[in-house]
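Comments concern the structure below.
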Amino acid sequence: MTSPGNGANHASEEEEDDYMNMTFGEEQPKSVETSLQRRQRLKREGEIRARVKSKAEQVAEEKAAREEALSQSLLESARAKKSKGFAMMAKMGFKAGAALGSSGNAGARLEPIRPEVKEDRGGIGLDSERKRKLNEAAAQSEKKLKVDETEFRDRVRREREQARLERQFYAGMKVCERLDEEKQSDAAQEEDGDESGEPSEKKKKKRTLSTRPLKSVPVVWRGLVRSREEAERDRRMRHDLEQSSTRLPTYVDDLDDEDDKLAAGKIKTAYAPVEDLEEEDPELEEFNALEVEERLRRLVEYLRREHNYCFWCKFGYPDETMEGCPGLTEEDHD
């Protein structure tokens, strides 16, 4: 007979060894590497090992290795524990993470000074000197920019003011010329007046080039006449040169009278330049060397003295007192 304990053991063994209900998983078939795949794999690995890294990649790897080494504590590494100096300090009571010296040494270093790798060939202190120069250059450029803006505005303002005064001076010279010509024509009409004594009517004539000597013209508006004469001389010289280079040979009839020549356009207009156009004029050069403000002031005084005419009022007064005129300058007429 079997004991109850042996029966229980036998039942548990039957439950454990129930081979009928057991399931076996299918084994995954192992992939066999063919010779072609092996050859390609070895070829790829050889190419990777044989490839020369670029300078940028080498620098990046060196920097990554350096940062990884610096991120670790120098006192907790395996190399520090094997160091004789660290062993001597430990015997004297030093512990990793504590400061050197007495226990109350507040603010002391807990880690050794970390090394800093220089990536350029500059000497010690070059970075601070370079930074100082950059700061000075930035401050100087900012200051120069402000000064340049102010100087530019002032220069543009002066140029505009000079151009405005030049235009006023040119207009004043034309006024002087017109008034002087009217004064001379009035004097000539008074001398050659008719016998009846009736005043002759003024006829407006087109202004022609003057043949009077330049030095007889007042210096305040002599430059206007000189520039006009020089421009007319240059224009006629260019015209004659063009006509001489493009003119075809023509038949000249000796029997043509003056009327025939005039009708055919064969009579040339005589041009008589002023006598002293080619001569130097020191007085005019000295006057033109003055500032435009001074030239304009002299011109205004000439108009008031010779013609009782105020350039700013644009009005001619009957007598020298010029009653009603505010003053000599443009500011007085504002």
Side-chain angles (χ1 to χ4, degrees), residues 158-189 191-192 202-303 306-307 309 311:
R158 288 195 301 268
E159 290 177 356
R160 290 180 178 177
E161 182 66 17
Q162 291 290 324
R164 188 181 70 86
L165 294 177
E166 288 288 351
R167 291 193 296 269
Q168 290 180 348
F169 178 70
Y170 181 78
M173 288 194 297
K174 296 180 70 174
V175 172
C176 284
E177 182 184 22
R178 176 175 59 83
L179 293 178
D180 283 355
E181 289 179 354
E182 290 178 357
K183 187 176 182 180
Q184 291 178 2
S185 63
D186 292 344
Q189 288 177 3
E191 293 178 359
D192 301 336
K202 296 182 181 180
K203 296 181 180 180
K204 294 184 178 179
K205 297 182 179 180
K206 184 178 179 181
R207 182 179 290 114
T208 57
L209 295 175
S210 176
T211 57
R212 59 187 289 193
L214 286 176
K215 293 183 179 179
S216 64
V217 179
V219 70
V220 291
W221 60 278
R222 189 184 304 171
L224 178 65
V225 180
R226 188 177 186 87
S227 61
R228 185 188 303 149
E229 291 285 345
E230 290 176 349
E232 180 65 18
R233 179 196 61 188
D234 297 340
R235 187 189 69 80
R236 288 183 178 274
M237 290 176 61
R238 288 195 301 270
H239 177 73
D240 295 342
L241 182 61
E242 293 174 358
Q243 292 295 325
S244 62
S245 60
T246 59
R247 185 177 299 166
L248 297 176
T250 56
Y251 173 73
V252 179
D253 191 359
D254 296 337
L255 300 178
D256 291 344
D257 56 4
E258 295 295 330
D259 294 337
D260 295 336
K261 291 181 180 180
L262 181 61
K266 297 180 180 179
I267 298 178
K268 296 182 180 180
T269 303
Y271 167 65
V274 294
E275 300 176 358
D276 52 352
L277 181 61
E278 302 297 335
E279 298 179 4
E280 295 183 357
D281 194 346
E283 186 181 6
L284 180 60
E285 292 178 358
E286 183 180 357
F287 179 76
N288 290 334
L290 298 174
E291 296 292 337
V292 62
E293 295 87 349
E294 179 64 19
R295 284 182 282 149
L296 183 60
R297 185 187 64 81
R298 295 188 182 186
L299 186 141
V300 171
E301 290 180 353
Y302 175 83
L303 288 173
E306 298 293 333
H307 304 286
Y309 183 88
F311 178 74

Could you list all the salt bridge (charged side-chain N to carboxylate O under 4.0 Å, His left out) pairs where at least one residue sits in residues 281-290, not counting sequence neighbours?
-> Arg222-Asp281, Arg222-Glu283

Partner set under side-chain hydrogen bond (donor to acceptor under 3.5 Å, both in side chains) for Glu230, not counting sequence neighbours = Arg226

Run the side chain to side chain contact (heavy atoms under 4.5 Å, CB included) check on Leu179 and Glu182 step by step: do they pass?
-> CA-CA 5 Å; Leu179 293 178; Glu182 290 178 357; 4.0 Å; yes

Salt bridge (charged side-chain N to carboxylate O under 4.0 Å, His left out) filter on Glu159, not counting sequence neighbours, yields Arg155

Minimum heavy-atom distance Glu177-Trp221, with the two atoms named | CG-CZ3, 3.4 Å

Sequence neighbours excluded, which residues qualify as side chain to side chain contact (heavy atoms under 4.5 Å, CB included) partners of Arg160?
-> Val156

Here the gap from Cys176 atom SG to His307 atom NE2, rounded to the nearest 0.5 Å, amounts to 6.0 Å

Does a donor on one side chain and an acceptor on the other come within less than 3.5 Å for Gln162 and Glu291?
-> no

Mind checking the CG-CD spacing from Leu214 to Glu229? Nearest 0.5 Å is all I need.
-> 6.5 Å

Could you walk me through whether Met237 and Glu242 pass the side chain to side chain contact (heavy atoms under 4.5 Å, CB included) test, one step at a time?
-> CA-CA 9 Å; Met237 290 176 61; Glu242 293 174 358; over 6 Å; no

Taking only residues two or more places apart in sequence, or in another chain, which ones meet Tyr302 in a side-chain hydrogen bond (donor to acceptor under 3.5 Å, both in side chains)?
-> Asp180

For Gln184, check side chain to side chain contact (heavy atoms under 4.5 Å, CB included) against everything at least two apart and list the hits.
-> Arg212

With sequence neighbours left out, what residues match Arg164 under side chain to side chain contact (heavy atoms under 4.5 Å, CB included)?
-> Glu161, Arg167, Gln168, Glu330

CD (Glu301) and CG (Leu296) are apart, to the nearest 0.5 Å, by 10.5 Å

Who passes side chain to side chain contact (heavy atoms under 4.5 Å, CB included) against Phe287, sequence neighbours left out?
-> Phe169, Val219, Val220, Leu290, Arg295, Arg298

How far does CG of Leu224 sit from OH of Tyr170, to the nearest 0.5 angstrom?
-> 5.5 Å

For Arg235, enumerate each residue passing the salt bridge (charged side-chain N to carboxylate O under 4.0 Å, His left out) test, keeping only those at least two apart in sequence or located in another chain.
-> Glu232

